[in-house]
Amino acid sequence: MVTRVIPVDPFDLVIFGGTGDLAKRKILPGLYRRYLSGQMPVEAQIIGAARGELDDEGFRALVTESIETFVAKSEQDPEAIKSFVEHCSYIKVDAKGTGGWKELASKVRQNVVQAYYFSVAPSLFGDLAKGLQANGMAGDNARIVVEKPFGRDLATAKELNSVLVDVFDEHQIYRIDHYLGKETVQNLMAVRFGNVLFEPLWNSQYVDHIQVTVAETVGVGGRGSYYDKSGAMRDMVQNHLMQLLCLIAMEPPSKFDPDAVRDEKLKVIRALDPVAADDIVRGQYRSDGDQPSYLEEVDDPQSKTESFLALKIGVSNWRWNGTPFYLRTGKKMSARMSEIVVVFKDPPHSIFGEEAGSTHNVLTIRLQPDEGMNLSVTIKEPGPGGMRLIEVPLDMSFAEALGTDASDMPDAYERLIMDVIRGNQTLFMRGDEVEAAWMWTDPIINGWDRRGDKPSPYKQNSSGPEESLMLLHRDGRRWRDIDT
Ligand code: NAP
């Protein structure tokens, strides 16, 4: 069941790469769900564009199949799918050629929002931007959506930005990071800035440390050759984890407005300390029974690319000086989960004596699998055993609190595509943010390359290399368990 919502304004959405994996798995199913909710206006057009020989019927069959494969069975209404695909059509366009552009230009309407989703390799972004400009589709109503990876270092990100800003204004460029579209991530802002409870404590005086974990159970599988050129730092930390860190650490923006929020995020990135070599742990999963190792999967026994990364990061500003942020992400972990954990300090003095034990408050913000928040508070253990303190959870499961099913909530992609149509850039990365993130990342990666650092092997179905546990142990802390 999808909650009904108010429709957005009429739009034309052109998906370059409309026949690709991302379109099939995320974009098209997401649009169908928005259609089902009543948010997609009847006048909307979805135009798939790629080089393949396909007609409208062929594309509609592809859209139907992607909905049948990637949308929950309970949401597959054959009548709705049939009427949804009526909105879909296809034009054969080669980003690098001239064919198809005129036909596309005559199909998109000038008087509605025109969104161009670049769901193709970044090497084609420049050709697409120029093709749109040359064919009169880069006017004021146009906006473009670009996918990660946004560069592989500062130089390539700058190059990409300059290609795009040659044709479009920054307010027309939507750099997508789907982590920002997650319900809990926005709730992080609601909790921080919509309550008086947390903000006074949200600083190094009261917060002992913060952990961000993004763990995947899958390995690199068929993406080995792509992944081996990036690794966990480029694929996850520079974008997703960095964005989460920014939202946790940023100062309250003056309003919930795209530039106000992004200005504050940028200040956080600029305040990140350089990371010392012994505050970094890199790993590569080894073989396990019949499960191949990372090196076997990427088919390069000499590869030095990390499939696991843990970092201790300092933020040099008044709010956070002295409170470390520990980030970790990896493949072939024991569970698939993404979590932000804010560990508060112990009370300054215990009035209950040593035998009562000591506990501290922990705020856990879970992005997946079950989006929600949990605040542990200290209470007295029930019973006649005297004053013994225990931690109990104040659970804020969205599903329970709001009486909704998790499947009811829009997926991150759905929400972000609708934000593009509404013209709201708050949850998209600005060019200077992306460049600042690379500016911080580049010296770390260059250091590994220069020294020829090799990642440590780690067991599959684990929480990564031993050294990652030591990263916290030596500070008298421990990672939260990776579980579901
Ligand atoms: P993909 O499966 O390889 O699809 C690429 C699409 O681009 C196909 O539709 C392809 O169709 C089209 N294409 C290729 N060359 C073209 C050209 N010269 N002109 C016009 N269309 C062209 O790739 P993908 O996985 O969907 O990824 C698309 C983008 O999203 C990439 O930038 C990727 O890094 C990013 N991304 C993907 C995922 C994911 O989960 N898949 C996640 C995050 C980011 P034809 O070959 O028929 O032209």
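In each ligand, atom 1 is the first atom listed, and ligand 1 is the first ligand listed. Any value given below was found using the heavy atoms of this structure, including those in side chains, with hydrogens, waters and symmetry copies removed.
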Return a yes/no value for Y226: is any of its N or O atoms, backbone included, closer than 3.5 angstrom to an N or O of ligand 1? no
Which donor-acceptor pairs under 3.5 Å do side chains of residues 117-134 form with protein atoms, sequence neighbours excluded?
residue : atom : partner : partner atom : Å
Y117    : OH   : E147    : OE2          : 2.7
D127    : OD2  : K96     : NZ           : 3.0

Under 3.5 Å between any N/O of G52 and any N/O of ligand 1: does that happen in this structure? yes
Side chains of Y35 and S83 only: does a donor on one sit below 3.5 Å from an acceptor on the other? yes
If the test is salt bridge (charged side-chain N to carboxylate O under 4.0 Å, His left out), which one of R175, R430, R143 qualifies with E170? R175
Can you figure out which of K92, R25, K148 has its heavy atom closest to atom 34 (O) of ligand 1? K148
Below the 3.5 angstrom mark, is there an N/O of L22, backbone or side chain, next to an N/O of ligand 1? yes
Going by the order shown, which atoms of ligand 1 are within less than 4.0 Å of some heavy atom of P122? 32 (O)
Q284 and K304: side-chain donor and acceptor closer than 3.5 Å? no
Within the 4.0 Å heavy-atom shell around P149, which atoms of ligand 1 are there? 34 (O)
Only heavy atoms of V93, strictly under 4.0 Å: list the atoms of ligand 1 that pass. 19 (N), 20 (C)
Are side-chain N/O atoms of S89 and K107 paired as donor and acceptor at under 3.5 Å? yes
Looking only at side-chain N and O atoms, does T213 offer a donor or acceptor that is under 3.5 Å from a partner on R328? yes
We want to know whether S307 and Y458 form a side-chain donor-acceptor pair, criterion being a heavy-atom distance below 3.5 angstrom. yes
What protein heavy atom is closest to atom 29 (C) of ligand 1, reported as residue, atom name and distance in Å? V120 O, 3.5 Å
Among protein heavy atoms, which lies nearest atom 21 (N) of ligand 1, and at what distance? A50 CA, 3.7 Å
Could you tell me whether the side chains of E433 and Q243 share a donor-acceptor contact shorter than 3.5 Å? yes
Just checking, any donor-acceptor pair under 3.5 angstrom between side chains of N461 and K332? no
Atom 4 (O) of ligand 1: closest protein heavy atom, distance to 0.1 Å, is G20 CA, 3.3 Å
Which of these, G48, G97, G17, has its nearest heavy atom closest to atom 6 (C) of ligand 1? G17
Could you check atom 19 (N) of ligand 1 against the protein and tell me its nearest heavy-atom contact, residue, atom and distance included? A95 N, 2.8 Å
Checking side-chain polar atoms at under 3.5 Å, does H240 have a donor or acceptor matched by the opposite partner on K148? yes
Return the closest protein heavy atom for atom 28 (C) of ligand 1 as residue, atom name and distance. S119 O, 3.3 Å
Tell me whether R262 is salt-bridged to D259, with the criterion being a basic N under 4.0 Å from an acidic carboxylate O. yes
N or O contact, D94 vs ligand 1, cut-off under 3.5 Å: yes
Checking a contact table here: which protein heavy atom is nearest atom 23 (O) of ligand 1, and how many Å away? D21 N, 4.4 Å
Parallel, tilted or perpendicular: which describes the rings of F16 and W101, with under 30° parallel and over 60° perpendicular? tilted
Of all the non-hydrogen atoms in the protein, which one sits nearest to atom 9 (O) of ligand 1, and at what distance? T19 OG1, 2.7 Å
Are any of the N/O atoms on F125, whether in the backbone or the side chain, positioned under 3.5 angstrom from an N/O atom of ligand 1? no
Taking the six-membered ring of Y179 (Phe, Tyr or Trp), confirm whether the NZ or CZ of K182 is under 6.0 Å from its centre and within 45° of its axis. yes
When only distance counts, is A49 in polar contact with ligand 1, meaning an N/O pair under 3.5 Å? no
Atom 14 (C) of ligand 1 sits nearest the protein heavy atom R51 NH2, 3.5 Å
From atom 43 (C) of ligand 1, work out which of R223, K96, E147 has a heavy atom at the shortest distance. E147
At under 4.0 Å between heavy atoms, which part of L124 makes contact with ligand 1: side chain, backbone, both or neither? side chain
